[in-house]
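Below is one structure, written out as structure tokens, with a few remarks after it.
Naming: A, B, ... by sequence-line order, numbering from 1 per chain.
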Protein chains: 2
Amino acid sequence: MPAAKEEDFLPLRDSVYNKLRQAILTGELPAGERLMEVHLGDKLGVSRTPIREAIRMLELEGLVTMIPRKGAMVSQITEKNMSDVLEVRRALDILCVQLACERITPEGIDELKKARDAFEKAVDTNDSRRIAQADVEFHNVIIRATGNDRLISLEDSLSLPMYRYRYEYIKDSSGHGNLVKEHRGIVNAIEKRNAEAAAEAAGEHIDNQRRSIIRQIRLDREEESMNALYGKRR
Amino acid sequence: MPAAKEEDFLPLRDSVYNKLRQAILTGELPAGERLMEVHLGDKLGVSRTPIREAIRMLELEGLVTMIPRKGAMVSQITEKNMSDVLEVRRALDILCVQLACERITPEGIDELKKARDAFEKAVDTNDSRRIAQADVEFHNVIIRATGNDRLISLEDSLSLPMYRYRYEYIKDSSGHGNLVKEHRGIVNAIEKRNAEAAAEAAGEHIDNQRRSIIRQIRLDREEESMNALYGKRR
DNA sequence: TATACATTTTCTGTATACAGGATTCAATGG
DNA sequence: CCATTGAATCCTGTATACAGAAAATGTATA
């Protein structure tokens with residue numbers, strides 16, 4: 001046998017879950033959109049059963065809201081909501097770098113530096129999509145270095161809701177070199193295993209992110225109310 | 001109409017979810033137990049559909065583990081696992097008290113003091129069940145005072161896995177008055193809105209909890225291997 | 001006795017059927 | 001012209017049916 005190729009079986013519910021998740025995060029399914037089971041079913045070519053199970057999962061993650069006997073809808077993103085998530089993420093991101101300082105292996109440090117360099121290269125290209133991807137990978141290296149599985153999965157699900165604002169955030173920050181500077185600071189602190197400095201750098205990093213995202217939400221809301229004024233509500 | 005009595009409709013899936021959750025946390029469904037859909041179905045008098053949806057939710061919470069095409073089982077509690085959860089909870093508990101210092105209202109402080117007193121009274125009775133309940137309520141007051149909905153629901157789901165050890169932990173600590181002392185420290189710090197002191201007190205509180213739980217897990221494991229030695233495996 | 005293979009059983013995964021609550025819209029009465 | 005009611009429709013909640021994978025069991029052969 002060439003390699004471990006077993007267990008590549010993916011239940012439909014998971015495939016549906018991923019697709020819906022993606023659609024919500026990219027805005028293809030906008031906030032407030034109703035998720036009707038039959039409709040989604042024939043759009044995705046599956047029956048209601050996997051759809052329902054996927055919705056149950058999205059519900060527990062907070063991406064969709066259920067009203068009994070009424071149905072599911074894409075959760076509204078409010079400033080409060082996002083602010084709550086960011087508050088939690090701030091604490092967990094700091095925990096991540098602190099743990100990374102204790103536990104990262106030499107290979108982990110190499111990996112981290114590679115991720116940092118890849119990120120800087122991506123910034124040079126000015127390709128938002130690539131920058132975003134490199135940014136995610138950078139953070140993933142740190143998160144994995146904690147070795148804490150629960151933390152890994154929590155970070156994953158708490159990052160989700162803000163993916164919609166990622167591009168704007170990157171456009172905001174990458175031009176000024178802020179992101180690059182912040183990443184360097186984090187890497188340096190972790191390499192020296194200086195938990196305090198790492199915590200500070202990570203805290204600043206997410207505070208900047210918060211500012212950018214909150215500003216974006218306010219812009220969106222403004223635009224929305226303008227549209228409403230001009231009767232552009234669909 | 002006498003009062004708002006609407007929306008007391010609870011889908012079966014939620015009822016099943018609660019029952020299974022309870023059964024897992026009380027140990028009625030021990031770790032490793034397979035959750036078979038038809039079996040649970042006729043035990044609870046419902047069809048497979050609500051069972052499956054409840055299992056999807058428990059899975060995302062980490063209480064059950066799925067193996068594709070094999071089925072679901074109650075998640076094994078390992079020391080690593082619990083340690084991961086406690087590590088995250090430590091960060092979040094500290095965040096809770098810090099936020100509470102900023103945001104708690106005068107009424108919140110009253111409520112907190114009441115919860116503290118109720119807890120002390122419960123300790124006097126030496127009734128573990130009652131102590132546990134008062135302890136949960138005490139923490140809930142603090143958590144609610146943060147006003148952060150995401151934090152509230154996360155704390156809820158992160159507390160779950162350790163409910164199994166709660167009684168032992170309380171027997172460990174309440175005798176020595178540790179718990180009472182720690183709670184007092186937390187209340188004092190929050191009342192003075194001294195975030196730093198509150199953080200320290202909360203950190204110590206959960207560190208003690210951790211010690212007790214880890215010790216308990218090791219005891220359990222020892223006992224288990226003894227049973228295995230004597231052929232008491234079922 | 002042990003091993004390999006066929007068979008049967010037992011579950012999960014997925015689709016579909018059926019019942020009842022909610023919503024809509026039009027007809028009717030004020 | 002507006003409010004009310006009732007039927008038609010839509011959609012969720014729940015049950016059930018069917019197909020295929022995995023495990024268990026049994027059987028034959030070395």
Side-chain angles (χ1 to χ4, degrees), chain A residues 1 4-21 23-24 29-75 233-234, chain B residues 1 4-21 23-24 29-61 63-76 233-234:
Chain A
M1 192 182 289
K5 201 195 63 77
E6 298 299 328
E7 291 317 327
D8 53 351
F9 170 77
L10 194 67
L12 280 185
R13 59 166 174 272
D14 291 321
S15 146
V16 169
Y17 168 75
N18 289 331
K19 276 183 188 131
L20 288 182
R21 195 161 114 140
I24 292 173
L29 287 173
E33 181 94 341
R34 287 190 61 188
L35 299 176
M36 281 171 307
E37 297 167 1
V38 275
H39 179 239
L40 290 175
D42 27 73
K43 203 163 150 188
L44 298 179
V46 301
S47 81
R48 287 175 58 207
T49 311
I51 302 275
R52 286 179 66 83
E53 298 189 359
I55 288 179
R56 292 292 90 75
M57 299 193 272
L58 293 166
E59 184 193 359
L60 224 68
E61 262 190 341
L63 285 181
V64 317
T65 306
M66 286 285 311
I67 301 170
R69 276 192 180 130
K70 178 86 187 299
M73 54 165 52
V74 179
S75 294
R233 67 178 73 175
R234 293 163 292 168
Chain B
M1 192 181 290
K5 203 194 60 78
E6 297 299 328
E7 292 315 330
D8 53 350
F9 171 77
L10 193 68
L12 280 185
R13 59 165 174 274
D14 291 322
S15 144
V16 169
Y17 168 75
N18 288 331
K19 277 185 190 130
L20 288 182
R21 194 161 114 141
I24 292 173
L29 287 172
E33 183 93 340
R34 287 189 62 186
L35 298 176
M36 282 173 305
E37 298 167 1
V38 274
H39 178 238
L40 291 174
D42 23 77
K43 202 164 149 186
L44 298 178
V46 302
S47 80
R48 286 175 57 205
T49 311
I51 302 277
R52 285 178 68 83
E53 298 188 359
I55 287 178
R56 292 290 91 74
M57 299 193 271
L58 292 165
E59 183 191 359
L60 224 69
E61 262 190 340
L63 284 182
V64 317
T65 306
M66 286 284 312
I67 302 171
R69 277 194 180 128
K70 177 85 187 298
M73 55 164 55
V74 178
S75 295
Q76 219 60 250
R233 66 178 75 177
R234 294 164 292 167

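Closest heavy-atom contact between A/Gly62 and A/Ser75: O-OG, 2.9 Å. Closest heavy-atom contact between A/Val74 and A/Ala31: CG1-CA, 3.7 Å.
A donor and an acceptor atom, one from each side chain of B/Tyr17 and B/Arg13, are nowhere located under 3.5 Å apart.
Picking from C/dG13, C/dT23, D/dT14 the nucleotide with the shortest atom distance to the side chain of A/Phe9 gives C/dG13.
Contacts between residues 43-52 of chain A and DNA chain C, defined by a heavy-atom separation below 4.0 Å, involve A/Val46, A/Ser47, A/Arg48, A/Thr49, A/Pro50, listed by number. Annotation: proximity of residues 34-41 of chain A to DNA chain C (heavy atom, distance under 4.0 Å) is found for no residue.
Atom NZ of B/Lys70 is separated from atom P of D/dA22 by 11 Å (rounded to the nearest Å). In this entry the distance linking CE of B/Met66 with C1' of C/dT12 reads 8 Å, nearest Å. Computed from coordinates, the A/Glu53 CD to D/dG13 C1' distance equals 14 Å when rounded to whole Å. In this structure, the CG atom of A/Leu12 is 8 Å from the C1' atom of C/dG13, given to the nearest Å. As rounded to whole Å, 9 Å separates atom P of C/dT23 from atom CD1 of A/Ile67.
Residue B/Met36 holds its CE atom at 10.5 Å from CE of B/Met73, rounded to the nearest 0.5 Å. Atoms CG and CE, on A/Leu58 and A/Met66 in that order, are 11.5 Å from each other to the nearest 0.5 Å.
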Evaluate the salt bridge (Lys or Arg N to Asp or Glu O under 4.0 Å) criterion for residues A/Glu59 and A/Arg56: first the C-alpha distance (whole Å), next the side-chain angles of each, then the deciding distance (0.1 Å), finally the verdict.
-> CA-CA 5 Å; A/Glu59 184 193 359; A/Arg56 292 292 90 75; 3.5 Å; yes
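A donor-acceptor pair under 3.5 Å is absent between the side-chain atoms of A/Arg21 and the main chain of A/Val16, judged by distance alone. The backbone N or O of B/Asp14 sits less than 3.5 Å from a side-chain atom of B/Asn18, completing a donor-acceptor pair.
Here B/Arg69 does not reach the OP1 or OP2 of C/dC11: none of its side-chain N or O atoms lies under 4.0 Å away.
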